[in-house]
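Counting begins at 1 with the first residue of the sequence. Atoms within each ligand, like the ligands themselves, are counted from 1 in listed order.
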Amino acid sequence: MKKLVIYYSLEGNTKLMAESIAAQTQADILKIETVKEVPAKGFRKYFWGVKGVLMKQSPALKPLNKDPQDYDLLFIGTPVWASSYAPPLKTFMKTNPVKGKKIALFCCHQGMRGAVFAKMRQAFAGNEIISEIDFHEPLKDKTQPNIIKAKEWARGLIQEKE
Ligand SMILES: Cc1cc2nc3c(=O)[nH]c(=O)nc-3n(C[C@H](O)[C@H](O)[C@H](O)COP(=O)(O)O)c2cc1C
């Protein structure tokens, strides 16, 4: 079974979980990056991010170096922004519509996960969502336990599916 971890991360939390999952499962990794640099500090990042979610924006992405269609199982991760997924992931979904895949969803947040998984399930209709898991600020809070949580989750899914 070919595995790919796809993620967007502004501040590194989702990146850390994505890399932990990829290391555990020997999956390839695909980092989603915007063409325009996103303000990563202070109030501007909230303004840019929340506006993007509310206005349903799809910021342009840098070219992807992996084709999700070549894989059987996709782990897809995002930070929670305004109770939803980050807009770069929306661009990814629009420009790389995936169908018929097994998908495991993960997200990082500050305590209010909101409807992120319901929205992602909707956006990835036509695929089999096999699991979802969330992490509370893993860079700041319980880093090692969160890495173990991510790895155990991924290991369990692979065992089930292989
Ligand atoms: C624009 C923006 C909106 C956010 N909205 C939420 C939210 O609705 N709920 C929440 O719990 N955290 C929210 N956060 C916090 C992030 O989800 C959290 O810090 C996450 O760990 C960041 O992941 P990253 O480091 O991979 O970017 C928001 C952060 C930003 C920048």
Side-chain angles (χ1 to χ4, degrees), residues 3-25 27-66 68 71 73-96 98 103-124 129-155 157:
K3 295 147 274 185
L4 179 65
V5 180
I6 302 167
Y7 74 96
Y8 173 74
S9 181
L10 181 61
E11 296 172 282
N13 292 275
T14 315
K15 177 174 190 274
L16 177 66
M17 296 298 96
E19 287 172 350
S20 304
I21 292 165
Q24 174 67 41
T25 60
D28 289 340
I29 197 153
L30 172 57
K31 179 181 183 187
I32 296 174
E33 291 179 283
T34 54
V35 172
K36 269 196 183 169
E37 212 170 301
V38 178
K41 296 253 176 295
F43 177 74
R44 284 179 64 228
K45 77 180 175 196
Y46 290 103
F47 179 75
W48 188 90
V50 171
K51 184 177 75 138
V53 174
L54 298 181
M55 309 272 290
K56 301 192 188 325
Q57 288 174 343
S58 304
L61 303 183
K62 291 185 182 169
L64 305 181
N65 61 0
K66 307 268 181 329
Y71 295 83
L73 171 59
L74 307 176
F75 292 92
I76 303 182
T78 179
V80 176
W81 283 7
S83 301
S84 188
Y85 50 84
L89 206 63
K90 187 181 183 70
T91 314
F92 168 79
M93 292 163 184
K94 268 168 75 174
T95 51
N96 297 272
V98 289
I103 298 183
L105 302 172
F106 63 101
C107 73
C108 294
H109 58 80
Q110 240 168 13
M112 289 201 304
R113 202 179 71 182
V116 65
F117 288 138
K119 290 182 177 172
M120 288 176 88
R121 280 175 177 270
Q122 228 175 19
F124 286 110
I129 307 298
I130 59 167
S131 189
E132 49 194 41
I133 193 167
D134 66 297
F135 303 94
H136 182 266
E137 297 284 52
L139 276 181
K140 281 192 206 144
D141 187 24
K142 303 191 179 85
T143 301
Q144 276 312 315
N146 273 311
I147 290 173
I148 292 167
K149 179 178 160 182
K151 289 187 170 185
E152 288 294 301
W153 173 68
R155 192 169 62 85
L157 291 179

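Ligand 1 places these atoms under 4.0 Å from at least one heavy atom of E137: 18 (C), 19 (O), 20 (C), 21 (O). If you number the atoms of ligand 1 from 1 as listed, the ones under 4.0 Å from a heavy atom of G12 come out as 24 (P), 25 (O), 26 (O). Using a 4.0 Å cut-off to heavy atoms of S83, the atoms of ligand 1 that qualify are 7 (C), 8 (O). The ligand atoms of ligand 1 that sit less than 4.0 angstrom from a heavy atom of L10 are 24 (P), 26 (O), 27 (O). The contact set between ligand 1 and E11, taken as ligand atoms under 4.0 Å from a residue heavy atom, comprises 24 (P), 25 (O), 27 (O). Residue N13 has at least one heavy-atom neighbour below 4.0 Å for each of these atoms of ligand 1: 21 (O), 22 (C), 23 (O), 24 (P), 25 (O), 26 (O). Atom numbering of ligand 1 starts at 1 in the shown order; those under 4.0 Å from a heavy atom of G111 are 11 (O). Atoms of ligand 1 found under 4.0 Å from any heavy atom of G49 (numbered from 1 in listed order, with element): 1 (C).
In this structure, a donor-acceptor pair under 3.5 Å is present between the side chains of K94 and S58.
Counting heavy atoms closer than 4.0 Å to ligand 1, residue A82 contributes backbone atoms (N, CA, C, O) but none from C-beta onward.
In terms of N/O distances under 3.5 Å, ligand 1 is approached by Q110. For S9, a nitrogen or oxygen atom sits less than 3.5 Å from a nitrogen or oxygen atom of ligand 1, counting backbone and side chain alike. Considering backbone and side-chain N/O of V80, one or more are found under 3.5 Å from N/O of ligand 1.
Between F135 and W153, a ring centre-to-centre spacing not shorter than 6.0 Å is recorded.
Of the residues T14, L61, V38, the one that meets the side chain to side chain contact (heavy atoms under 4.5 Å, CB included) test with Y8 is V38. Residue I6 forms a side chain to side chain contact (heavy atoms under 4.5 Å, CB included) with just one option from I103, L64, I76, and that option is I76.
Ring-plane geometry between F124 and F92 is classed as tilted, the angle between the planes lying from 30 to 60 degrees on a 0 to 90 degree scale.
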Checklist entry - Stepwise, does the side chain to side chain contact (heavy atoms under 4.5 Å, CB included) test hold for L30 with V5? => result CA-CA 6 Å; L30 172 57; V5 180; over 6 Å; no
Next on the checklist: V116 vs S84, test: side chain to side chain contact (heavy atoms under 4.5 Å, CB included). Steps then yes/no.
Outcome noted: CA-CA 4 Å; V116 65; S84 188; 5.6 Å; no
Next on the checklist: Between T25 and K3, does the side chain to side chain donor-acceptor pair (under 3.5 Å) criterion hold? Intermediate values first, please.
Outcome noted: CA-CA 8 Å; T25 60; K3 295 147 274 185; 5.7 Å; no
